[in-house]
Amino acid sequence: MEKLYFITGNKGKFKEAKIMLRPLNIKLIQTDIGYPEIQASDLKEIVLFSINFCNERLKSPFFLEDSGLFIDELNSFPGPYSRYIQDTIGNDGILKLLLNVNNRSAYFKSIVGLYKNGPHIFEGISRGIISNEILGHGGFGYDPIFIPEKSPKSFGEMTTIEKNKFSHRGRALEKLVTYLESGVE
Ligand code: IMP
(Lines give C-alpha, C1' and ligand atoms only; values in the text may rest on other atoms or scores of the structure.)
Protein backbone atom coordinates (compact mmCIF):
# COMPACT_ATOMS: atom_id res chain seq x y z
CA MET A 1 0.00 0.00 0.00
CA GLU A 2 1.30 3.44 -0.92
CA LYS A 3 2.36 5.67 1.98
CA LEU A 4 1.54 9.36 2.28
CA TYR A 5 2.82 11.56 5.09
CA PHE A 6 0.79 14.40 6.62
CA ILE A 7 3.26 16.75 8.28
CA THR A 8 1.42 18.24 11.25
CA GLY A 9 1.57 18.36 15.02
CA ASN A 10 -2.17 18.99 15.17
CA LYS A 11 -4.10 15.82 16.09
CA GLY A 12 -7.42 17.43 15.13
CA LYS A 13 -6.22 18.15 11.61
CA PHE A 14 -4.88 14.61 11.27
CA LYS A 15 -8.20 13.10 12.42
CA GLU A 16 -10.05 15.18 9.80
CA ALA A 17 -7.62 14.16 7.06
CA LYS A 18 -7.73 10.48 7.97
CA ILE A 19 -11.50 10.45 7.44
CA MET A 20 -11.30 12.42 4.18
CA LEU A 21 -8.63 10.15 2.69
CA ARG A 22 -10.45 6.92 3.61
CA PRO A 23 -11.66 6.29 0.02
CA LEU A 24 -8.03 6.10 -1.13
CA ASN A 25 -5.95 2.96 -0.89
CA ILE A 26 -3.23 4.88 0.94
CA LYS A 27 -1.60 4.55 4.35
CA LEU A 28 -1.73 8.03 5.89
CA ILE A 29 1.05 8.65 8.41
CA GLN A 30 1.29 11.63 10.77
CA THR A 31 4.75 13.10 11.18
CA ASP A 32 5.68 16.18 13.11
CA ILE A 33 8.98 17.27 11.58
CA GLY A 34 9.22 20.96 12.40
CA TYR A 35 9.35 23.36 9.49
CA PRO A 36 9.60 27.14 9.33
CA GLU A 37 6.51 29.12 8.42
CA ILE A 38 7.57 32.33 6.70
CA GLN A 39 5.70 35.49 7.66
CA ALA A 40 3.71 36.40 4.54
CA SER A 41 0.25 37.73 3.83
CA ASP A 42 -0.56 34.96 1.35
CA LEU A 43 -1.16 31.45 2.73
CA LYS A 44 -0.20 29.89 -0.63
CA GLU A 45 3.20 31.54 -0.49
CA ILE A 46 3.71 30.24 3.07
CA VAL A 47 2.71 26.69 2.08
CA LEU A 48 4.87 26.64 -1.07
CA PHE A 49 7.91 27.68 0.96
CA SER A 50 7.14 25.01 3.59
CA ILE A 51 6.68 22.14 1.13
CA ASN A 52 9.88 22.97 -0.71
CA PHE A 53 11.69 23.07 2.64
CA CYS A 54 10.24 19.69 3.72
CA ASN A 55 10.99 18.10 0.36
CA GLU A 56 14.68 18.54 1.12
CA ARG A 57 14.24 16.38 4.23
CA LEU A 58 11.47 13.88 3.51
CA LYS A 59 12.12 11.82 0.42
CA SER A 60 8.61 10.40 0.23
CA PRO A 61 5.28 11.91 -0.91
CA PHE A 62 3.77 14.18 1.75
CA PHE A 63 1.39 17.03 2.30
CA LEU A 64 1.00 19.77 4.86
CA GLU A 65 -1.71 22.32 5.48
CA ASP A 66 -1.99 25.91 6.63
CA SER A 67 -5.19 27.68 7.48
CA GLY A 68 -6.48 30.99 8.72
CA LEU A 69 -9.61 32.75 9.90
CA PHE A 70 -10.48 36.00 8.08
CA ILE A 71 -13.01 38.30 9.78
CA ASP A 72 -14.65 40.88 7.50
CA GLU A 73 -15.26 43.56 10.13
CA LEU A 74 -11.59 43.36 11.16
CA ASN A 75 -10.32 43.78 7.57
CA SER A 76 -9.54 40.05 7.29
CA PHE A 77 -7.64 39.90 10.58
CA PRO A 78 -6.26 37.55 11.97
CA GLY A 79 -5.66 35.80 8.59
CA PRO A 80 -2.07 34.54 8.42
CA TYR A 81 -1.65 35.54 12.10
CA SER A 82 -4.43 33.17 13.22
CA ARG A 83 -2.17 30.94 15.26
CA TYR A 84 -0.55 33.79 17.17
CA ILE A 85 -3.92 35.38 17.91
CA GLN A 86 -5.43 32.04 19.01
CA ASP A 87 -2.43 31.48 21.31
CA THR A 88 -2.57 35.00 22.79
CA ILE A 89 -6.12 36.41 23.04
CA GLY A 90 -7.96 33.18 22.11
CA ASN A 91 -11.66 32.84 21.37
CA ASP A 92 -12.68 35.08 24.28
CA GLY A 93 -10.45 37.82 22.87
CA ILE A 94 -12.07 37.55 19.42
CA LEU A 95 -15.55 37.69 20.97
CA LYS A 96 -14.51 40.84 22.88
CA LEU A 97 -13.19 42.47 19.69
CA LEU A 98 -16.57 41.81 18.07
CA LEU A 99 -18.70 42.86 21.05
CA ASN A 100 -21.75 44.80 19.74
CA VAL A 101 -20.57 44.35 16.15
CA ASN A 102 -23.43 43.41 13.81
CA ASN A 103 -21.42 42.30 10.80
CA ARG A 104 -20.02 38.99 12.07
CA SER A 105 -19.24 37.43 8.70
CA ALA A 106 -15.94 35.61 8.35
CA TYR A 107 -14.34 32.78 6.45
CA PHE A 108 -11.77 30.09 6.97
CA LYS A 109 -9.27 29.31 4.27
CA SER A 110 -7.22 26.14 4.03
CA ILE A 111 -4.28 25.57 1.74
CA VAL A 112 -3.10 22.00 1.34
CA GLY A 113 0.34 21.61 -0.21
CA LEU A 114 1.15 18.19 -1.64
CA TYR A 115 4.63 17.21 -2.72
CA LYS A 116 4.45 14.31 -5.12
CA ASN A 117 6.56 14.61 -8.26
CA GLY A 118 6.54 18.35 -7.66
CA PRO A 119 4.43 20.79 -5.63
CA HIS A 120 0.61 20.89 -5.90
CA ILE A 121 -1.69 23.33 -4.10
CA PHE A 122 -5.37 22.78 -3.17
CA GLU A 123 -7.57 25.47 -1.62
CA GLY A 124 -10.77 25.25 0.39
CA ILE A 125 -12.94 28.02 1.81
CA SER A 126 -15.76 27.91 4.34
CA ARG A 127 -17.87 31.04 4.81
CA GLY A 128 -19.90 31.71 7.90
CA ILE A 129 -20.23 33.93 10.95
CA ILE A 130 -18.56 34.42 14.31
CA SER A 131 -20.98 33.42 17.05
CA ASN A 132 -21.89 35.68 19.97
CA GLU A 133 -20.64 33.16 22.51
CA ILE A 134 -18.63 29.96 22.87
CA LEU A 135 -20.64 27.10 21.36
CA GLY A 136 -19.54 23.51 22.00
CA HIS A 137 -16.27 21.97 23.08
CA GLY A 138 -15.40 19.86 20.05
CA GLY A 139 -12.64 20.35 17.53
CA PHE A 140 -9.83 22.82 18.17
CA GLY A 141 -8.83 26.45 17.80
CA TYR A 142 -11.64 28.73 16.64
CA ASP A 143 -14.14 25.85 16.18
CA PRO A 144 -16.43 26.90 19.08
CA ILE A 145 -16.93 30.42 17.69
CA PHE A 146 -17.42 29.68 13.97
CA ILE A 147 -20.82 28.80 12.47
CA PRO A 148 -20.53 27.83 8.79
CA GLU A 149 -23.21 28.85 6.28
CA LYS A 150 -26.20 26.50 6.01
CA SER A 151 -25.53 25.05 9.47
CA PRO A 152 -27.33 25.72 12.75
CA LYS A 153 -24.26 24.45 14.64
CA SER A 154 -20.75 25.77 15.22
CA PHE A 155 -17.76 23.62 14.23
CA GLY A 156 -17.31 23.07 17.98
CA GLU A 157 -20.72 21.39 18.15
CA MET A 158 -20.07 19.03 15.23
CA THR A 159 -18.53 15.59 14.94
CA THR A 160 -15.41 15.38 12.79
CA ILE A 161 -17.42 13.82 9.95
CA GLU A 162 -19.95 16.69 10.07
CA LYS A 163 -17.22 19.34 10.24
CA ASN A 164 -15.51 17.86 7.17
CA LYS A 165 -18.70 18.42 5.14
CA PHE A 166 -18.72 22.16 5.90
CA SER A 167 -15.10 23.00 6.49
CA HIS A 168 -12.37 24.72 4.53
CA ARG A 169 -10.03 21.78 5.23
CA GLY A 170 -12.65 19.23 4.17
CA ARG A 171 -13.01 21.11 0.87
CA ALA A 172 -9.26 21.40 0.23
CA LEU A 173 -8.75 17.73 1.13
CA GLU A 174 -11.58 16.73 -1.20
CA LYS A 175 -9.61 18.32 -4.05
CA LEU A 176 -6.48 16.48 -2.90
CA VAL A 177 -8.41 13.18 -2.92
CA THR A 178 -9.75 13.85 -6.44
CA TYR A 179 -6.21 14.61 -7.61
CA LEU A 180 -4.75 11.45 -6.06
CA GLU A 181 -7.65 9.36 -7.37
CA SER A 182 -7.01 10.59 -10.89
CA GLY A 183 -3.63 8.83 -10.68
CA VAL A 184 -1.71 11.69 -12.34
CA GLU A 185 2.02 11.08 -11.95
P1 IMP B 1 -2.41 26.59 11.40
O2 IMP B 1 -2.96 26.23 10.08
O3 IMP B 1 -2.11 25.36 12.18
O4 IMP B 1 -1.26 27.56 11.33
O5 IMP B 1 -3.59 27.29 12.17
C6 IMP B 1 -3.68 28.65 12.44
C7 IMP B 1 -4.59 28.87 13.61
O8 IMP B 1 -5.94 28.72 13.17
C9 IMP B 1 -4.39 27.90 14.77
O10 IMP B 1 -4.55 28.59 15.99
C11 IMP B 1 -5.49 26.89 14.59
O12 IMP B 1 -5.91 26.38 15.82
C13 IMP B 1 -6.58 27.71 13.90
N14 IMP B 1 -7.31 26.85 13.01
C15 IMP B 1 -6.86 26.27 11.88
N16 IMP B 1 -7.80 25.49 11.33
C17 IMP B 1 -8.85 25.56 12.15
C18 IMP B 1 -10.11 24.92 12.15
O19 IMP B 1 -10.45 24.09 11.28
N20 IMP B 1 -10.94 25.24 13.15
C21 IMP B 1 -10.60 26.12 14.13
N22 IMP B 1 -9.43 26.72 14.20
C23 IMP B 1 -8.56 26.43 13.22
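Only this structure's heavy atoms are used, side chains among them; waters, hydrogens and symmetry mates stay out. Counting starts at 1 for both ligands and their atoms, following the listed order.
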(message) Residue by residue, ordered by chain and number, which ones reach under 4.0 Å of ligand 1 with a heavy atom?
(response) Lys13, Asp66, Ser67, Ser82, Arg83, Gln86, Phe108, Phe140, Gly141, Tyr142, Asp143, Lys163, His168, Arg169

(request) With sequence neighbours excluded, tell me which residues meet salt bridge (Lys or Arg N to Asp or Glu O under 4.0 Å) with Lys165. (result) none

(request) Return the set of residues passing salt bridge (Lys or Arg N to Asp or Glu O under 4.0 Å) with Glu123 (not counting sequence neighbours), or none when no residue passes. (result)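 With neighbours one apart ignored, the set is Lys44.
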
(request) Verify the distance criterion only: is there a donor paired with an acceptor across the side chains of Asn10 and Thr8 at less than 3.5 Å? (result)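 Absent: no donor and acceptor within the cut-off.
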
(request) Look at Lys27 together with Glu2 and state whether they make a salt bridge at an N to O cut-off of under 4.0 Å. (result) no

(message) Whether Lys163 and Glu16 form a salt bridge (side-chain N of Lys/Arg under 4.0 Å from carboxylate O of Asp/Glu) is what I want to check.
(response) yes

(request) Tell me who clusters with Leu135, hydrophobic residues only, linked when side chains sit under 4.5 Å apart either directly or through other members. (result)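 Leu135 shares its hydrophobic cluster with Ile129, Ile147.
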
